[in-house]
Each structure stands twice: as C-alpha cells, then as structure tokens.
Number of protein chains: 2
Amino acid sequence: MDFAQADALNQAIRLLSLRHRARAAALIAPLGLHPGQEALLLELDRTGPRIQAQLSEALGVEPPSVTLMARKLEASGHIRRSPAPSDRRASIVELTDSGRELAERVKEVWRGLAEETVAGLPAAAAAEIPGLLAAMTANVAPRRTGPGRARAADSGG
Amino acid sequence: MDFAQADALNQAIRLLSLRHRARAAALIAPLGLHPGQEALLLELDRTGPRIQAQLSEALGVEPPSVTLMARKLEASGHIRRSPAPSDRRASIVELTDSGRELAERVKEVWRGLAEETVAGLPAAAAAEIPGLLAAMTANVAPRRTGPGRARAADSGG
DNA sequence: CACATAAGCTTATGCGCATAAGCAATTCTC
DNA sequence: GAGAATTGCTTATGCGCATAAGCTTATGTG
C-alpha cells in the first residue's frame, strides 16, 4: 500500500469519526444528551443492568469515563446505580423509567442517523459496512491476553 | 432498516473511531504528537502553505481548534505562522524544516497504521473502503448552501 | 465615502475521553 | 487464614474538539 492509499484510508476514518459524532450530537442534543451518553443508554436497553466494568468494555471507553457518564445520567434521572450484592466493589447500573423512555427516543434518532449515513449507497454495500468496520476495529484494538484485564505490553513506552 | 442494523452501523462507527484514534495516538506519541496534530502536518505536507481557514476546512475541525493546534505545533517548532500579505486577517501556516522531517516520520507510521487497519481484509474490500467512508461522511456532513460559509439553519435551537 | 455585513482569527469555557494514582473489596497462593 | 496480586471504582489532571462571543480587517451597498 502506498502512502496516498494509506492516507486516504486514515483520513477517511478520521473525517467520518468527526462528522458522524457531530451529527449524532446534533440529533441527541434535543433529548438533553451529549455524545457518548446515548451509547450507555442503548447498552443498558439492549442487555439490562450492567456493572460499570461491563459498560466500560461494551462501550469501548475506560472506567473513569464510565464513572463520569454514569454520574451525569444518574443526576438527570435516567439511570440508577446500586451496590452489587455479590461484589461490594461493583456498582450495578440500570435504566429508570425515565431512562427507558429516553432510550426509545434515542433508538428512533439512531435509526434515522444510520439511514442518513448510508443514504445513496447500494444496499449490498450498506449491508457489508458494519462487518468491515468491525474487522478494522478488531485490527487496531488493543490486544487482550485472555480473560484478564488489558495490560500495557510494551515496557519501552 | 430495523433498529438492530442501524445500531450495528452506528456502534461500529463509534467503536472504530475510538480505537483507530487511540491506535493513532499510540503510534505518534513517540514523535511528540497528539492526535489531530498529525493531520495538520500531513495537510501542509500535501498542499504546501495554507491559511488557517483552509486548514479548518481540510481537517474538518472548527477554527478555534486550528488556532490551538497551530499554536502548539508552532511552539514545538514544526510550523511557522506569518501574516498573509494580501489579507491581513489571515495567517499563513507552513512547515519548518523540522516539520518537514517530522511529516516524513508521520507518513511512515501513517502507512503502517493503514496496513494494520485493513489487515486480513480482501484487497478488493480494502480498496473500496475509503470511498465508502467518504460517501458516508458526505451524508452526515453539514450542508453548505454554496460557496458561502455554513449557516445555522434552525432558529428554534 | 460611510456604514453594514462578512470573513479570519482569538479567547473563554464546557464536554468526552485518556492516563496516573489511590482506595476498597475480592481472589489467588502458600 | 495471612499476604500478595487483581479487580472495581473514583479523583485529579490534560488534550482534542465544540460553541459563544469578541476583535480586526475586507468587502458589499447606498
């Protein structure tokens, strides 16, 4: 691969990231949400109550980010946090009634965003895209040694 | 498109954004760069001197972001800023010798990142990806009325 | 030419996400 | 069962990017 191709790919990813995020932000702003929060709500809606470590894994963000996201969503009444009975370190996060309603709203705009994103593309191409993106994501994702926590493998910085 | 498909797409874009950016950050950190700065250097390397408004457009970020990025790259000696003779509001940004050397380094890691990103994908798929991403980006990009500056079309907030 | 509008840039401020560091609770190992 | 290592969460802090607001210079309009 020559530099022009490499640059086209990296730049395309960067631009799509910025634009898609900005568009998502614009769409969920009327719901009182900032980007990132919709992902937490949707994850809870998909899977039910989760502890923060699971949310961190599912959302692809670090634990401190989950702490802050959860705190804000709790403050606005969309989620509830309670200590886990089986593990007193852990915090169970679940949707409130308000959060469930909000999640439904988010799902509507989420559908609209996806359709807007692939508008004009051949259906076959659109169907392949999530898989392609996931494959690329896996390629650049930090390596996990196994069931354990991710470790910094390089000692040299 | 049902919600599951829409969600798969949006989530895939979000995750790729996070991971690709994180990987890029890890790769350019040894060069003393933070993510975003490499884009500015590469743009100058591609096109030669630009004023900040052009960089804002090319990089897909807002003018205040360019101001800060440029200030930091100037402080580290990689770019030079000088007033444009034809328009005293504008600031011409160009690479220094140090910046040109650094851009070459960036191009190397940029190639490596792209190859890592599409590793394992069929060559045909990899070749299509930049175009697909660009099409999606165009779909979610803010509408421009024409040659003029983008305007906020909604008065209602 | 005077004035209003637009364009280029900057400062101030806020949010998301990151890493570093630290505490509390759990689990592993002997 | 005691100490060590791991896990879950939090606080502190920093960077990128955004919007809001303001300054300076250019440009359009009478």
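- Which of D/dC15, C/dA20, D/dT25 sits closest to the side chain of A/P64 comes down to C/dA20.
- In summary, of the residues considered (B/R23, B/H20, B/R19), a side chain to side chain contact (heavy atoms under 4.5 Å, CB included) with A/T137 occurs for B/R19 alone.
- Nearest-nucleotide positions on DNA chain D for A/A90 and B/S86 put A/A90 closer to the 5' end.
- The interatomic distance linking A/L41 (CG) with C/dG16 (P) rounds to 12 Å, in whole Å.
- Residue A/R21 places at least one side-chain N or O under 4.0 Å from the OP1 or OP2 atom of C/dC17.
- Protein atom CD1 of A/I92 is 13 Å distant from nucleotide atom C1' of D/dG8, rounded to whole Å.
- Between A/L15 atom CG and D/dG16 atom P there is a gap of 17 Å when expressed in whole angstrom units.
- Between B/P85 and A/T67, the residue anchored nearer the 5' end of DNA chain D, judged by the nucleotide with its closest heavy atom, is A/T67.
- In terms of phosphate contacts, B/R50 brings no side-chain nitrogen or oxygen within less than 4.0 Å of OP1 or OP2 of C/dG8.
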Walk me through it: do B/E115 and B/R111 pass the test salt bridge (charged side-chain N to carboxylate O under 4.0 Å, His left out)?
CA-CA 6 Å; B/E115 289 176 352; B/R111 262 194 28 145; 3.6 Å; yes

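- Map A/R88 and A/G60 each onto its nearest nucleotide of DNA chain C; the residue landing nearer the 5' end is A/G60.
- Atom pair B/R23:CZ and C/dA18:P shows a separation of 16 Å (rounding to whole Å applied).
- Which of C/dC9, D/dT25, C/dA12 sits closest to the side chain of B/I51 comes down to C/dC9.
- A sub-4.0 Å separation between OP1 or OP2 of D/dC17 and a side-chain N or O of A/R14 is present.
- The environment of CZ in A/R105 is sparse: at most 12 heavy-atom neighbours from other residues, nucleotides or ligands sit within 6.0 Å.
- B/L59 and A/L16 are members of different hydrophobic clusters when ILVMFWY side chains are connected at heavy-atom separations under 4.5 Å.
- Listed nucleotides C/dG16, C/dC17, D/dT10 differ in distance to A/M69; the shortest reach to its side chain belongs to C/dC17.
- Under 4.0 angstrom from either OP1 or OP2 of C/dA18 there lies at least one side-chain N or O belonging to A/S65.
- The side chain of B/H34 lies closest to D/dC15 when the candidates are D/dA18, C/dA25, D/dC15.
- Take the nearest nucleotide of DNA chain C for B/V66 and for A/D87: the residue whose nucleotide is more 5' is B/V66.
- A/V140 and A/V61 are assigned to two separate hydrophobic clusters, defined by single-linkage of ILVMFWY side chains at heavy-atom distances under 4.5 Å.
- Look at CG on A/L33: it is 20 Å from P on C/dG14, rounded to the nearest Å.
- Comparing C/dC17, C/dC9, D/dT19 by their nearest atom to the side chain of A/V61 picks out C/dC17.
- Atom-to-atom, CD of B/Q52 to P of D/dT24 comes out at 17 Å; the value is rounded to the nearest Å.
- The only member of A/I28, A/L41, A/I79 that meets side chain to side chain contact (heavy atoms under 4.5 Å, CB included) when paired with A/L102 is A/L41.
- Between the C1' atom of C/dG16 and the CG atom of A/L55 lies a distance of 16 Å, rounded to the nearest Å.
- Side-chain N/O atoms of A/R81 include one lying less than 4.0 angstrom from OP1 or OP2 on D/dT10.
- Closest to the side chain of A/E62, out of D/dT10, D/dT25, C/dT19, is C/dT19.
- Side-chain to base pairing of A/R89 with C/dT26: no donor and acceptor N or O lie closer than 3.5 Å to each other.
- Summarising the geometry, the separation between CD on A/Q54 and P on D/dT7 is reported as 14 Å, rounded to the nearest angstrom.
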